[in-house]
2 protein chains.
Amino acid sequence: MARPPSRSSTAGELPSRARAGRVILTLEDVAHAAGVHYSTVSRALDPAKAARVNASTRAHVESVARRLGYQRDMVASGLRRGRTQTIAVIVADLGNPFMAPVLRSMANRLEESGLMSLISETQDDSARLHRILNHVISRRVDAIITTAARLGDGSTLLEISRQGIPLVLAVRNVPSTRLPACTDDDVAGGRLAAQHLLSLGHQRVAQLRGPADVSSFVDRAWGFSEAITAGSAREFEVGAGSPTLEEGIRLMNRLLDTARPLPSAIFAHNDLMALGALAVMRERGISCPEQISVIGYNDSPQVDRVQPALTTVRQPAEEIGRMAAEMTVALLESPRHPPPSRSLRPTLVVRESTAVPLH
Amino acid sequence: MARPPSRSSTAGELPSRARAGRVILTLEDVAHAAGVHYSTVSRALDPAKAARVNASTRAHVESVARRLGYQRDMVASGLRRGRTQTIAVIVADLGNPFMAPVLRSMANRLEESGLMSLISETQDDSARLHRILNHVISRRVDAIITTAARLGDGSTLLEISRQGIPLVLAVRNVPSTRLPACTDDDVAGGRLAAQHLLSLGHQRVAQLRGPADVSSFVDRAWGFSEAITAGSAREFEVGAGSPTLEEGIRLMNRLLDTARPLPSAIFAHNDLMALGALAVMRERGISCPEQISVIGYNDSPQVDRVQPALTTVRQPAEEIGRMAAEMTVALLESPRHPPPSRSLRPTLVVRESTAVPLH
DNA sequence: GAAAGTATGGCAAACGTTTGATGTCCGAGC
DNA sequence: GCTCGGACATCAAACGTTTGCCATACTTTC
């Protein structure tokens with residue numbers, strides 16, 4: 001299997017090139033060692049092009065490459081191909097335990113297609129979202145998945161999509177954009193929560209609402225209110241806030257300070273807010289579920305560990321993540337035919353924080 | 001401010017080029033619109049090189065670039081410069097709530113230096129770690145920060161470092177490598193936990209240990225055992241497991257099944273394991289802290305919300321993240337002088353899950 | 001007013017890959 | 001014996017930046 005030595009155009013004596021202090025092997029080095037032209041190496045190492053090179057040459061090149069420890073430079077490859085094999089994943093809050101399973105299943109699915117995820121966090125700040133979008137676009141990511149979209153971000157997102165960058169929404173939708181989205185059916189989720197409370201006999205309820213410019217919370221509020229009205233119970237208004245523990249505390253305090261008579265049940269728009277409400281109640285000596293029932297949303301990891309264990313609406317987190325990744329892959333394969341949006345069914349998880357009202 | 005039109009070498013009629021279905025503006029396009037050479041545009045837009053171009057030209061170019069919406073292609077820039085402005089951040093478990101503040105402060109600090117973080121998760125699996133390392137290296141990240149290092153990964157990490165890729169350890173150290181690391185002082189942390197239990201009067205204790213090949217857990221175990229022995233209390237052995245809720249449950253069950261008499265206090269190597277222990281105790285009708293005290297580690301978000309609120313050792317999460325980022329930046333600036341490792345002081349946070357033993 | 005700087009902008013060669021176009025070699029078919 | 005076609009390998013031109021080196025033109029200095 002002796003091969004004629006190649007005379008590569010500018011090859012020096014050194015087997016490789018040092019750059020920015022680090023040793024970098026190039027196709028040229030492998031080609032030199034294997035005695036073939038570097039374009040042959042490129043083809044031999046690319047599964048899609050492997051047919052264009054003789055099987056024995058290919059085996060030889062592969063073994064040489066492995067021996068030398070060659071690794072293709074994805075930056076150069078990205079420049080040439082116009083594809084970086086990277087998907088930007090933009091989330092609102094990394095501290096929200098609900099995101100972990102979403103991100104994990106998403107990353108796993110993307111990895112199956114040879115894609116890597118570039119995760120960043122907006123901290124639910126639109127300015128930050130803008131910065132991040134510019135950043136990842138200038139990094140030429142192949143697509144963007146965001147779980148941080150607010151309704152007000154519609155025009156920004158549409159413009160990006162119009163630039164030809166595949167964009168998929170997950171968890172939070174922005175219906176006006178008609179972008180492919182994979183979410184939980186939040187209207188149904190709100191309704192589930194309401195029906196559970198109604199069936200227990202609650203007549204006075206309130207919501208701790210998430211931001212009014214995020215689809216999930218709007219939908220939850222809508223589904224809930226609608227069902228509550230249909231059940232002819234009374235709903236107290238207490239306003240909206242960020243979906244964080246702190247805001248849950250603030251809203252719950254305000255509710256307890258202003259609503260008379262007190263509602264007998266609370267629907268918190270996510271588990272963090274529900275935990276905030278529970279903390280306030282404990283502090284004020286109000287018992288849950290005896291005096292006030294609390295129901296959360298997301299079934300985040302560990303909310304079954306708190307006292308009382310939280311009744312909550314479960315979103316299929318893994319499925320949302322996997323599905324969003326799936327849709328992204330589909331969009332990359334045929335950009336002309338965006339996959340249809342999916343909205344997955346939530347389920348009710350009854351634990352200890354909801355019960356029949358006292359009176 | 002009229003400028004002579006440039007005759008760019010190969011400029012077509014089109015103001016820009018479409019690629020992979022997306023419109024991409026290049027330096028050439030901006031140069032054409034501004035009537036200068038594209039190398040001038042490059043310099044005008046690079047703050048470091050801006051001195052080499054006339055102030056008015058620069059202003060003009062900048063305004064044209066802004067008007068056109070030009071964004072530098074970081075892929076091409078990365079190829080040419082050999083720097084991608086990207087730092088790989090490798091964590092073991094995204095679901096560990098402790099990581100969120102670490103990652104956030106790290107990302108914020110990196111952003112200050114114009115760097116972006118590429119986050120991935122090993123799920124505490126060494127094979128996966130290898131895959132991820134190869135991935136990010138072939139993406140030519142400028143440096144790697146990992147919080148997922150196991151003691152057995154030493155040689156892999158050293159080899160990467162020897163390839164000239166700046167590598168910083170955070171949270172978990174691998175002392176044999178002498179790589180720059182930013183961790184919590186886990187020996188001190190273990191000691192704090194032990195001394196707290198001793199001071200309450202506990203004489204029979206046990207640890208729910210994390211993996212024996214992770215520095216943090218080895219150190220915690222060591223600091224704890226040493227102090228316990230010095231206090232001449234008795235320690236039960238129950239083995240080690242992954243630092244997850246599930247393993248906490250498994251170990252706690254085993255402990256309760258085998259240890260006689262039962263220990264009066266448990267030191268769980270992280271909060272998730274502590275939560276697992278609490279769950280087992282609730283299930284078995286063992287009260288905390290009355291019958292058994294439990295102390296955790298990390299002071300993860302929300303462990304003050306569980307019942308009973310968890311006594312724990314607090315690691316300065318934000319500081320670890322920020323400091324690790326800081327060290328990385330320093331390492332990038334002067335690769336010859338790696339910054340010294342730092343180990344930050346943990347503090348004890350006493351809540352409700354520890355108390356004086358019954359007898 | 002010539003020589004010697006000093007700004008400023010243009011030129012062109014990289015960076016490492018991918019890939020269409022172009023060989024070259026060989027066997028088969030007439 | 002010549003052509004044709006197939007199988008491989010090589011050539012060379014991109015991809016969009018950055019940047020050392022020149023070529024101007026404009027200032028300054030004696």
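Note that the structure is predicted; figures quoted are calculated from it, not measured. All chains are named by letter (A, B, ...) in the order of the sequence lines, taking the proteins before the strands, and each is independently numbered beginning at 1.
There is a side-chain donor-acceptor pair under 3.5 Å between Asn134(A) and Gln71(B).
Considering only side-chain N and O atoms, Lys49(A) lies under 4.0 angstrom from the phosphate OP1 or OP2 of dT19(C). Between Arg81(A) and the phosphate of dT19(C), there is a side-chain N or O to OP1/OP2 separation shorter than 4.0 Å. Contact annotation: Ser77(A) side-chain N/O to dT18(C) OP1/OP2 distance is under 4.0 Å. When the side-chain nitrogen and oxygen atoms of Arg140(B) are compared with OP1 and OP2 of dC15(C), none of them lie within a distance under 4.0 Å. Thr40(A) has no side-chain polar atom (N or O) that falls below the 4.0 Å cut-off from OP1 or OP2 of dA9(D).
Of the two residues near DNA chain C, Tyr70(A) and Arg43(A), the one whose nearest nucleotide lies more 5' is Tyr70(A).
Rounding to whole angstrom units, CD of residue Glu28(B) and C1' of dA14(D) are separated by 14 Å. Note: CE (Met74(B)) to C1' (dT17(D)) measures 10 Å, nearest angstrom.
In the helix from dG1(C)-dC30(D) to dC30(C)-dG1(D), the terminal helix axes, each the rotation mapping four pairs' C1' atoms onto the next four within five end pairs, subtend 60°, rounded to 10°.
Put simply, the residue from Thr328(B), Leu103(B), Ile144(B), Leu118(B) that forms a side-chain contact (heavy atoms from CB on, under 4.5 Å) with Val89(B) is Leu103(B).
Applying the 3.5 Å distance criterion, the base of dT17(D) shares no donor-acceptor pair with the side chain of Arg80(B).
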